[in-house]
Structure formats: structure tokens, C-alpha cells
Participant: 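Before I ask anything, let me first share the structure, which is written out below as C-alpha cells.
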Amino acid sequence: MPLTLSRVLLLQQSRSLPVAVVFCVFRCSNEHRLLQVPAAATSPAIAARFTTTRPFSTMARHTAPAAAPTAAASSSSTSKSSTATTARAAPATEVSRKNPLAATKPTTTGARAGSWADALLPYLERPETFPATHVHSFSADHVVVLDQFPKSKVHLLVMPRARVGPRGKYLASVEDLDPDNEAHVLVVEQLTEVCGEVEQEMRTKYPQLEFRVGIHTVPSMRHLHVHVISQDFISDRLKTKQHWNSFTSEFFVPWERVKATLAAGQRIKMDKAAAEALLKRPLVCHKCSKAARTMPDLKKHLETHAPLAIAGSSPREENVDSPLA
DNA sequence: GTTCTAGAAC
DNA sequence: GTTCTAGAAC
């Protein structure tokens with residue numbers, strides 16, 4: 001039987017395969033070429049992002065039918081949240097097999113109901129219906145979602161589920177938050193706690209990665225979501241200058257700053273024109289400030305900063321008896 | 001000729 | 001948010 005990613009993770013989790021073996025770089029069937037899995041990478045959906053040559057198109061997307069969870073996915077329950085978080089190991093249900101957008105209901109925040117801007121809504125309404133490839137964990141108050149177009153190796157979204165926005169709707173963005181509203185203050189406290197827990201969990205699982213927690217000044221998605229994103233930016237889904245600048249310029253606002261502003265009794269008011277200008281900034285490496293002419297150039301450069309375990313396969317590795325070379 | 005960007009459509 | 005693609009850049 002070929003040693004697939006799913007099987008390796010299953011064996012590792014059932015303790016029948018030493019962690020060291022999983023950590024090794026090995027070659028398997030035509031399905032996968034070089035496979036590098038960190039020792040602690042027990043979340044299959046995220047661990048899959050550490051597969052340097054596995055096409056990301058094999059992962060489920062927002063707008064595509066959700067894949068049924070693999071055996072490995074069904075056995076992953078590592079969250080130990082202190083806020084009654086339920087780690088996901090849900091079966092793929094009718095809802096999750098359909099296009100999530102099909103389940104959206106009319107909203108009152110402007111854009112057409114059921115549009116792409118509402119793609120996060122089904123996660124808020126029925127987090128229990130999604131497989132572990134989509135929902136990391138949830139409680140009555142929050143849901144932690146795996147971004148389906150991750151711009152880094154680890155990219156999650158933390159969302160509040162309280163319907164305390166205008167007219168009893170979900171909060172659309174941080175601009176909805178009122179520092180004088182007790183329910184909103186509670187939401188901010190809970191979000192801060194969950195974000196902290198998720199960030200810590202990811203730091204523990206992926207000690208070679210750095211993380212940032214924050215929001216986009218002008219979010220494209222309608223429902224309030226906080227990004228927990230690793231700082232490698234090694235991802236096939238990172239494609240445009242706008243993607244890059246949205247996470248590496250001041251367009252990305254640290255959650256701590258949002259929290260501090262509200263704690264000072266001020267509402268959040270974004271300068272959208274200034275923010276949009278940030279997205280058009282020239283490409284500059286977030287680690288060493290090296291300028292890049294094009295996105296492909298920048299992405300090549302980012303590989304030089306990536307931790308060894310997640311960097312793309314080196315020319316040397318590619319030359320070692322690759323079955324596909 | 002190919003690569004890459006950026007704007008329209010969804 | 002993504003996809004598609006015209007045309008700019010090389």
C-alpha cells in the first residue's frame with residue numbers, strides 16, 4: 001500500500017509510527033512527491049500545507065463542494081480550549097457538501113445577499129456541519145475557520161457568533177463595535193481570548209513559524225473575522241500585490257491595537273482611501289525590506305526566508321532520484 | 001514570442 | 001474574496 005499523507009498522519013496519531021518517521025522527508029507514490037511534515041503537525045488540513053509539492057487545488061474551497069473528511073481528519077481533535085471550544089471532527093453533511101453560498105440568507109449590510117462577500121456566513125450559522133478541513137473549532141460564542149485560500153502555511157480566521165450587530169445581525173466589521181455596549185465589550189474579550197489560544201496552539205504546533213493576529217482595514221468578507229496567519233507567506237494562493245500588501249503593510253491592523261482603541265473608549269473608524277493606497281505600494285520583503293519587481297520574484301525571495309521544514313524543495317532534493325524528474 | 005498585472009465580472 | 005483575460009511589459 002502506498003504511504004499517503006493521510007495514512008502517515010493516521011499512523012502517527014495512533015502512535016504506531018514514530019514521530020521521527022513522519023518528520024522525515026520521503027518519497028511516495030505518484031500522488032505525492034517530496035513530503036515534509038513537521039513532527040507536531042497533527043491537524044491534517046494544515047499539515048497538508050506543509051506538503052511542498054502537493055497542489056493546493058486538492059484542498060476544499062469556499063465555492064467548491066466540501067470534501068468528505070479523510071480518516072486522518074476525522075481523528076484529529078487536539079484543541080483544548082478553555083472556552084468550551086469544540087474541536088471539529090464533524091462528518092461532511094448535506095450542507096457542507098453543497099456550495100456554502102447556497103445556504104446564505106439575505107443580509108442588510110449592502111451587498112447582494114448570497115454574494116461572495118457572505119461566504120463566511122454559513123460558518124457562523126452552522127459550524128457543526130463543516131468538516132475539519134473547514135472548521136478548526138467552535139463554541140456558542142465563536143468559530144475558528146481555516147481560510148480556504150490561505151496566504152501562508154497557517155492561516156485561520158476567528159469569528160464571533162454573537163448576533164449583537166445592527167438590527168440583531170452578526171457583526172459586519174470592527175466598525176460595528178461600540179465600546180459603550182456591554183455585549184460588544186464581551187465579544188472583544190472573547191475574541192481576544194480565543195485568538196490568543198489559537199495563536200498559542202499554532203506556535204506550539206509549528207514552532208518554526210512566526211504569527212500575527214489582526215484584521216484588514218477594509219475587509220472583503222462581510223462578517224467580522226480576525227486573521228491568525230503565519231509569517232512565511234509560502235502559499236500558492238498568494239498571487240497578487242494586493243494580497244501581499246494586505247498582510248504586510250499597515251493595511252493589516254494588529255488585533256491588540258483594535259482592542260486598545262476600544263478599551264480607550266473610542267470606536268474604530270478606518271480611513272478607507274488611505275488603506276486602498278497601501279495595497280498599491282511597491283513590493284517589499286516584510287523581513288529584509290528587499291524590493292521585488294514582480295510577485296513571482298517576491299515569492300522566490302520569500303523561499304530564502306522560509307524555515308527549512310516548509311521551504312520549497314531545493315534543487316538538490318529535486319535531483320535526488322525524483323520519480324517525476 | 002512569453003510573463004505578468006490589473007480591472008471587470010461574479 | 002476569486003477567476004478570467006486584455007494588453008502591458010519584457
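Within every chain, numbering begins at 1; the chains are lettered A, B, ... in the order of the sequence lines, protein sequences first and strands thereafter.
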Participant: Looking only at the aromatic ring of each residue, does the gap between the centers of A/H223 and A/Y123 stay below 6.0 angstrom?
Facilitator: no
Participant: Any side-chain N or O of A/H216 under 4.0 Å from OP1/OP2 of C/dG1?
Facilitator: yes
Participant: Could you tell me whether A/H225 contacts a base, only the sugar-phosphate backbone, or nothing, with contacts defined as non-hydrogen atoms closer than 4.0 Å?
Facilitator: nothing
Participant: Could you state the NE2-C1' distance from A/H243 to C/dT2, rounded to the nearest angstrom?
Facilitator: 8 Å
Participant: Whole angstrom is fine here: how far is it from CG in A/L238 over to P in C/dT2?
Facilitator: 10 Å
Participant: Are the aromatic ring centres of A/H227 and A/H225 under 6.0 angstrom apart?
Facilitator: yes
Participant: Look at A/K239 and C/dT3 and indicate whether a side-chain polar atom (N or O) is within less than 4.0 Å of OP1 or OP2.
Facilitator: yes
Participant: Can A/R257 and A/E250 be counted as an ion pair, charged N to O under 4.0 angstrom?
Facilitator: no
Participant: Just by protein heavy atoms under 4.0 Å, how would nucleotides 4-10 of chain C read 5' to 3' in B, S and -?
Facilitator: ------S
Participant: Counting the benzene-type ring for Trp, do A/H155 and A/F247 have ring centres under 6.0 Å apart?
Facilitator: yes
Participant: Let me know the distance between CG of A/L120 and P of C/dG1, rounded to the nearest Å.
Facilitator: 9 Å
Participant: Hey, what do you get for NZ (A/K269) to OG1 (A/T261), rounding to the nearest 0.5 Å?
Facilitator: 14.0 Å
Participant: Between A/E303 and A/K299 (salt bridge meaning N to carboxylate O under 4.0 Å), is one present in this structure?
Facilitator: no
Participant: Could you state the atom-to-atom distance from CG of A/D236 to P of C/dG1 in whole Å?
Facilitator: 18 Å
